[in-house]
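Worksheet for the structure shown next.
Hydrogens, waters and symmetry mates are skipped; everything else that's a heavy atom, side chains included, is used. A quick note: this is a predicted structure, and the numbers were derived from the prediction, not measured.
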Amino acid sequence: MVEKVYGPKSYFPSIEKKYGHPIAHWKKILESSGLEKHLEMVSLLKIEYEMDHDHANAIVGDFRQERWFSFASPISGFTATQGAPSPKI
């Protein structure tokens, strides 16, 4: 049985088909851009690569979520639910 995909990832097959590149390609562009803000990243994909807003938003949303969860760890003092450093006791 095929599991239904929800959220931003549900756009990925149509993004890859329409723009001819895997999602990893777009995430590498975002990573190398040095941009931090969501809308700046969306604008980059829309302006430089003529991507539809919904497609750009889906890629950026997933990219930022992955980056947050890789950054948020007990070692860094951040947790995904708190969003801020935990106090050092």
Spacing of K46 atom NZ and D54 atom CG [to the nearest 0.5 Å]:
9.0 Å
May I ask whether W68 and V60 are part of the same hydrophobic cluster, defined by side-chain heavy atoms of I, L, V, M, F, W, Y residues being less than 4.5 angstrom apart, directly or through others?
no
Just distance, no hydrogens or angles: give the donor-acceptor pairs under 3.5 Å from side chains in residues 25-42, sequence neighbours left out.
| from | atom 1 | to | atom 2 | distance (Å) |
| --- | --- | --- | --- | --- |
| K27 | NZ | D62 | OD2 | 2.5 |
| K27 | NZ | E66 | OE1 | 3.2 |
| K27 | NZ | E66 | OE2 | 2.9 |
| S32 | OG | K28 | O | 3.1 |
| S32 | OG | I29 | O | 3.1 |
| S33 | OG | L30 | O | 2.7 |
| S33 | OG | L35 | N | 3.1 |
| H38 | NE2 | N57 | OD1 | 2.6 |

If I compare all heavy atoms of E16 with all of P22, which pair ends up nearest, and what's the gap?
OE2-CA, 3.5 Å
Over all atoms of both residues, closest heavy-atom pair of A58 and P8
O-CB, 3.4 Å
Closest heavy-atom pair, S14 versus H55, reported as atoms and distance to 0.1 Å, is OG-NE2, 3.7 Å
Membership question, hydrophobic clusters at under 4.5 Å side-chain separation (ILVMFWY): are V5 and Y11 in the same one?
no
Which heavy atom in E50 sits nearest to a heavy atom in Y19, and how many Å separate them?
O-CE2, 3.9 Å
Would you give the length of the straight line joining atom OG of S43 to atom CE of M51, rounded to the nearest 0.5 angstrom?
12.5 Å
